[in-house]
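Lettering follows sequence order; numbering is per chain, from 1. All values derive from a computational prediction rather than experimental measurement.
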Amino acid sequence: MVSICSPLSPNLVANSISVEAPRSRGRLLTSREYGVLLQSCIDSKSLARGKMLHSRIRKAGFERNRDLLPRLVKLYSVCGRIDDARKLFDRMSKRNSDVFLWTSMICALAKNGSMLRCFELFVQMLERGVRPDSYTFSGLLKASAEFGFLELTLQLHSMVVRCGCVGCLSVANSLIHAYGSFGVVHEARKLFDRMVVRDVASWSAMIQACSSMGSYADSMALFSRMQLGDSLKPNEITVVALLPACGFFSSLRHGQAVHAYVIRNGYESNLIVGSALVTMYSRCGDPDVAYTIFANFYQKNLVLWTSMIEGFALNGKHDIALNLFKKMQDQGFHPNYVTLVVILSACSHAGFVDEGLQIFETMQEKFGVKAGVEHYACVVDMLARGGRLDDAEKVIESMGMRSSGSMLGSLLGACQVHRNVEIGERTAYRLFELEPRNAANYVILSNVYAAVGQWHNVGRVRQMMIAKGLLKDSGCSWIELKGTIYVFGAHDRSHCESDKIYKVLEELSEEIVRAGYIPATEHVLLDVEENEKKKLLCSHSERLAIAFGLLKVPPEMPIRIAKNLRVCGDCHEAIKLISRVTSRKLIVRDTNRFHHFYRGSCCCGDYCCKQLGACVRDDDKFELFSVHRTVGCCLDCPLFKSALNSWRWNGSFKDQTWFRSENGEKPPCNIRFGSESKDSAST
DNA sequence: ATAGGGTTAG
């Protein structure tokens, strides 16, 4: 028997509870000592030992002890025995109005997903006259957020105020989290700004709130301020909240800095961190590093597999994605709802229509996953891209659930590609009902008309947009160089090296025309001269960013740019040829996916991905080397200190200070020019 | 003593 008086390791303690009555040197245990033993059972979720301990505690007459009773409830709860916890609670709560006991039961119900019973009990508690404390509110707020009840959260918030708990750190953190989870970032931010003391959880919750709403620039700024202003050290959870922002900006440098931080702090073995890193690298167009991280996990989980499969799919390595999907199943993992969305989406992007349909048709039987609206959306996309517009429309009509905007949107987009006005019109008008304020849909319809030369209809749709006061998101592309992100709008001349950039573009235009490029001037929806149209196409934002990259990025490095809309068809053709005439690797991320341009072709959507059929490596060795080499340069920097300070616009949007301000300004994807954009990229 | 911030899709 381990001496109770010495500091105890939880495992030793848990193992020490044997059949023999727990005594220490001949005397009976105190309630405090029972508390230590109980806690170790909770930590290790050992039900059998816990039950034994419970009976000892009862015999010793400590069952009603204020210290032990809530922990007994917790013990049964964490061991998945919510009914046993409830029985114990019901037996003990008759004459017991202790807030600790009631809170422990409420939180136990919340954690077990019995939301209704959880809130019933809360009402009973109030009727009983038990005054909730900060712990009660924290637990309830988390539950209400998870349950998706904004109304309930608002009521709890008002109770929190009336009970004088607003100043309490954990309650404020839970409120921030709850508002964030409902997308009410402004309310979260208001609370956050009013806090006098903030801890890591406060910052993490706020960063998470911004990331989940797409205010990634705010996430970045907060992350920096947390360290520089409050001198707080980010932990695993903070890092996970921040990584989507690095992925969004396709900012490899920031992502690598976070990765370096992860390595320095020994968070590498954390699966959640790992999945977030895999996703980040994939969204930065570097699936190979993502794979290295993935392969380094000896024990993988389903989310990690799913992240990696998506990473390859996003980067046009569809064969690898499908191989990995098989390998995952060989290793005993059953795909869940999300995995199947990912794999179906990969099939549709790759043009693997038959494979995709086969997976879709057998998924319920094979994996027990009932097809949801996202799966149907992939199928519709798959059929529509493949030109089977009628079949796609039939699926929408017969699927027996409400069609989603993205589903109709992909059908409409395919109508543009396959020049089908009839289905295009039908789909567009359904979309207008569903999303009357989404300018992108009107733009695609006008593109459908433009594709077949119905110019009067093009004009009609534009009039509709003007009448409704709708503006399309302006196109912009950005490139990161040494930690600075340079943003270009279409026909942008604001950069100080603009002359050089346009000179490069001019030279390139000549070269690619010689290589066979024919500008798709029919897509320029403006009444201007043919030559003017050609010029407009040449100064699309993605080409400006590429030209700038050609000037600045060392020849042996790929040029990585990102764009807030989809790359337009004409630019796609042009960039293919640019990659050929310059012998450069050009990696372009748009809203949908990555385009890896090399030697005149792209891994994507003209279904040419098969030529990239590299195999998944079978050895699971982690090439730490390559990661360290790229990350090494960041190891000594205070994270983001210099990088973030040097973030700036190239000057085009001087009035937009999204990254400096942290008050909800939008990231570049939502920047609007004063007037309508002339960038004709679709959606 | 009871509690709070985290990964994959669209």
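- As judged by a 4.0 angstrom heavy-atom cut-off over every strand, A:V342 is placed among residues touching the sugar-phosphate backbone only.
- A salt bridge links A:D98 with A:R66: at least one charged nitrogen is closer than 4.0 Å to a carboxylate oxygen.
- Side-chain atoms of A:H375 come within 3.5 Å of backbone N or O of A:G372 as a donor-acceptor pair.
- Residues forming a ring pair (Phe, Tyr, Trp, His ring centres under 6.0 Å) with A:F89 (at least two apart in sequence, or on another chain): A:W102.
- If you check every strand for non-hydrogen atoms under 4.0 Å, A:L169 touches a base.
- Contacts between residues 173-184 of chain A and DNA chain B, counted as heavy-atom distances below 4.0 Å, involve A:N173, A:S174, A:H177.
- In this structure, A:Y179 has its ring center no closer than 6.0 Å to that of A:H186.
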Under the side chain to side chain contact (heavy atoms under 4.5 Å, CB included) rule, what do A:L38 and A:L53 come out as? Steps first, then yes or no, please. CA-CA 7 Å; A:L38 198 47; A:L53 195 60; 3.9 Å; yes
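- In this structure, A:T153 contributes its side chain and A:F149 its backbone to a donor-acceptor pair below 3.5 Å.
- Between the side chain of A:N315 and the main chain of A:G311, a donor-acceptor pair closer than 3.5 Å is present.
- Backbone-only contact: A:R283 has heavy atoms under 4.0 Å from sugar-phosphate atoms and none from a base.
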Show your working on salt bridge (Lys or Arg N to Asp or Glu O under 4.0 Å) between A:K326 and A:D330 and close with a plain yes or no. CA-CA 6 Å; A:K326 289 196 192 82; A:D330 291 344; over 6 Å; no
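- Base engagement by A:V200 is indicated by at least one non-hydrogen atom pair under 4.0 Å involving a base atom.
- Here A:E374 lies in heavy-atom contact (under 4.0 Å) with a base.
- Two residues are said to be in side-chain contact when any heavy atoms from C-beta on lie closer than 4.5 Å; A:V73 and A:R86 fail this criterion.
- Between A:Y216 and A:F248, the ring planes are parallel. Angles under 30° get that label, and only those over 60° would be called perpendicular.
- Ring geometry for A:F294 versus A:Y291: interplanar angle of 30 to 60°, hence tilted.
- A salt bridge does not link A:R225 with A:D218: none of the charged nitrogens is closer than 4.0 Å to a carboxylate oxygen.
- If you check every strand for non-hydrogen atoms under 4.0 Å, A:R66 touches a base.
- Counting any heavy atom pair closer than 4.0 Å across all strands shown, A:E310 reaches sugar-phosphate atoms only and no base atom.
- Contact footprint of chain A on DNA chain B: nucleotides with an atom under 4.0 Å from a non-hydrogen protein atom, first to last in 5' to 3' order, B:dA1 to B:dG10.
- Less than 4.0 Å separates DNA chain B from at least one heavy atom of each of the following residues of residues 128-144 of chain A: A:D133, A:Y135, A:S138, A:K142.
- Every residue meeting the salt bridge (charged side-chain N to carboxylate O under 4.0 Å, His left out) condition with A:E187, not counting sequence neighbours, appears here in chain and number order: A:K190.
- A:N235 comes within contact range of at least one nucleobase, with a heavy-atom separation under 4.0 Å.
- Residues from residues 73-82 of chain A with heavy atoms under 4.0 angstrom of DNA chain B, sorted by number: A:K74.
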